Amino acid sequence: MKNIVSREEIIEMSGTDPAKCMKCGKCSASCPAYDEMEYPPHRFVYMIDQGNIGPLLECVGIYRCLSCYACVDRCPRGVEPAKLIEAVRVIAERKKEGNRIKAGELFEKADADMPSQAFSAAFRKYTK
Amino acid sequence: MKRIGVFVCSCGSNIEGAVDVCKVVEAMSKEPYVVYAANCKYMCSSSGQELIGKAAAEYELTGIAVCSCSPRMHEATFRKAAASAGLNPYKVEIANIREQCSWVHKDTAEATGKAITLAKAAVSKLCRDEELYPQSFPVTKRALVIGGGIAGIQTAEDISNAGYKVDIVEKKPSIGGKMAMLDKTFPTLDCSACILTPKTVDISHNENVRIFSYSEVESVSGYVGNFTVKIRRKARYVKEDLCTGCGLCAEKCPTKNVPNEFDLGLGSRSAIYIPFAQAVPKVAVIDPDSCRMLKDGKCGLCSRVCGAKAIDYSQKDEITEEKYGAIAVATGIDPIDVTPFDEYSYKNSKDVITALELERILNAAGPTNGRLVRLSDGIRPKTVVFISCVGSRCTEEDERGKTYCSKICCMYTAKQAILIKEKYPDTDIYVFYIDVRAPGKNFDEFYRRAAEKYGVKYIKGMVGKVCDENGVLTVKAADLINNEQMMIGADLVVLAAAVEPDKTAKALASKLNASIDGNGFFNEAHPKLRPVESPTAGVYLSGACSGPKDIPETVAQASAAAAKIIGLLSKNTLESDPCTAHADELKCSGCSLCANVCPYNAITYIEKEFRMPDKTVKIRRVASVNAAVCRGCGACTVACNNGAMDLHGFSREQILAEVDSICS
């Protein structure tokens, strides 16, 4: 795994731009997991924008985010904090290298019941 | 014989810094028809202009090419200089060797070469310039003001004080606009009605001013100085000249439960009503949707009690046609609809209100007679939460809100917080803000007073959600400085809704041929230097129709628009720019393509007799351009399949000559 995660990498993975944030804090005002996160959503966005991603990869907050998308829904600037958190979580997971599924196994796992989105998402994940 | 003078400006170091002006002079002096070429440090200075005069006399010049800045800067200056030297002012061409050359090139050889090319192109065009003469046309000495709020009133007042006639068209039954609805005004806390009413009363008694209330602009034709406007005067079912405004009809009207628009539906009115106590004109109006007589033909009570015999159930909308020299748009702003913001529970809870609704509640003449109470249970709220920027400063993709800052919300929020604290000092007030924007005279001091003297709690952060559970409001918010999430039990939540242009603005803009921006605000002719003029000649912008504004700024702009209109009306005739389109009738096939693309409706078609070679007479439909309306944009010249349309001063031949000169 590469050592340093850049701001640009997170932007590319999440498809959202932290520079659009106007620091109103509506994400943190909406977050049901606020008290369980070291870095609440508004600060999470700010730290990514600053390129200060190291502490975020280590924090427990990335697993406390419920992905309820209240922050995404209510952000007046379209920043989508939950997607940024998700991107950091995915990177943190990949760093652990404990993936149970190998890329080569994907095809045999695929069956008619598997949603095509899940298939393509997994494919995207393991081909990087 | 053509005798051309070329004048090359150094513009201090602006041009000289990149262009070798001496080389340009040398190259141009060798060009055909050029009998004189010279350089000057500043051509726009008086010595530069004198140089043109002297050379024109000495060398008997027939045309002048100036190599200088953009024609937008100084074309008028050099045309004037040419005119005073006895030349036709349209025999002047500008080669833009500053913005389009010296400012964008670093390499001197390259820039000099380009400057010479541009100068040659200007000379080629100049050789084909014709003498042009502006047409003059009379000015109708009456102005129309569309919108009767504080902006429209101020514009009309100033124009009338200069001695000109003004008509105000107001779509509502009374003038006064949003300002009439407010309780107090920031930052001085003047009572809004107390400062507005003298103005509305004065204007209604001003003999230069006619007020068409309950009326709308139906159509606009004509051009600057000569507009013809059709005004729809909506049926009031009350004769305006007879009604004394006694109010007896409203008192006796059996239909009492109609939501009162003036109170934003918080109070009720009768089917026949006078909008508010200080209405101007103070004349009753019947709402046809709720009047029993107009709906079912059964009632007629108001007609029986009216001593002035003013009720007329048979009244119909009337269209009057008026002529104007200038038009001021003063359509103002409205708060946006906040119902799509589900997280603030505006739809579900009666105790979540907009700031304008709070204004009506705080107003002594409002639905609660000025007592601050919750609308759900009539109890006085002890904890009030203000949420700022509701729908303002959103991203472009956000369909619920606007991208811009609504400008007035920070200040009216501080004002409303102060007003509540003045009346009920024991109220707990929270203001959730992103930034407090208070740039205005005594504005920041006013907001600080709310925080420091009145103890209003300003919290940096936004509200995420307002829950209404059995009449108890819970506000979930973030305090970003304290780094904590807050839960506040509130009795009343006030939303500082963003503002948007009036709903009628878009349709009006198309009637006026005036442009609006993506948000629906009227565009200025120049955002900095011509802020109260629209790009359409003769159409002016007064107040918030061009962007969110508070009262002081609105009044200042309204007066500025009036000054521009007075300047126009003070002229007996106007001169039109002669650079307009004209049709070659022999080539025109009457296909209407040009009329369809003309943004100014300047092209009409006429039936004309033509003598054919066999001496018969044929009647053909050909295009005819109204030179007073045409702005010389050239769209028709491009659209015309037959090459029948051409532009004076920018003819096809001239433009091709320029292209040839650059390419050769």
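A note on names: the letters A, B, ... follow the listed sequences, proteins ahead of strands, and every chain is numbered from 1. Values in this document were obtained by computation on a predicted structure and should not be read as measured data.
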Q: Nearest 0.5 Å, what's the NZ-SG distance between B:K465 and A:C31?
A: 14.0 Å
Q: Do you know which two heavy atoms are closest between B:L480 and A:K23, and how far apart they sit?
A: CD1-O, 3.8 Å
Q: Can you name the nearest heavy-atom pair linking B:G464 to A:S30, along with the distance?
A: CA-OG, 3.3 Å
Q: Roughly how far, to the nearest 0.5 Å, is the CE atom of B:M462 from the OG atom of A:S28?
A: 12.5 Å
Q: Specify the closest pair of heavy atoms between A:A29 and B:A478, including all atoms of both residues, with the distance to one decimal.
A: CB-N, 3.3 Å
Q: To the nearest 0.5 angstrom, please state how far the CD atom of B:E484 sits from the CG atom of A:D35.
A: 9.0 Å
Q: Counting heavy atoms not belonging to A:E38, are there more than 12 under 6.0 Å from its CD?
A: yes
Q: Please look at A:K26 and chain B and tell me whether the side chain, the backbone, both or neither of the residue comes under 4.5 angstrom of a heavy atom of that chain.
A: both
Q: If you take all heavy atoms of B:R393 and A:M22, which pair is closest and at what distance?
A: O-CE, 3.5 Å
Q: Does CD in A:E8 sit with more than 12 non-hydrogen atoms of other residues, nucleotides or ligands closer than 6.0 Å?
A: yes
Q: If I take atom NZ from residue B:K476 and atom OH from residue A:Y34, how far apart are they, to the nearest 0.5 angstrom?
A: 11.0 Å
Q: Against chain B, label A:C27 side chain, backbone, both or neither, depending on which of its atoms sit under 4.5 Å from a heavy atom there.
A: neither
Q: Give a yes or no on this: more than 12 heavy atoms of other residues, nucleotides or ligands lie within 6.0 Å of atom NZ of B:K506.
A: no
Q: Which heavy atom in A:P40 sits nearest to a heavy atom in B:N483, and how many Å separate them?
A: CG-OD1, 3.9 Å
Q: With a 4.5 angstrom heavy-atom cut-off, is it the side chain or the backbone of B:Q485 that approaches chain A, or both, or neither?
A: both
Q: Got a sec: does the OH of A:Y46 have more than 12 other heavy atoms crowding it under 6.0 Å?
A: no
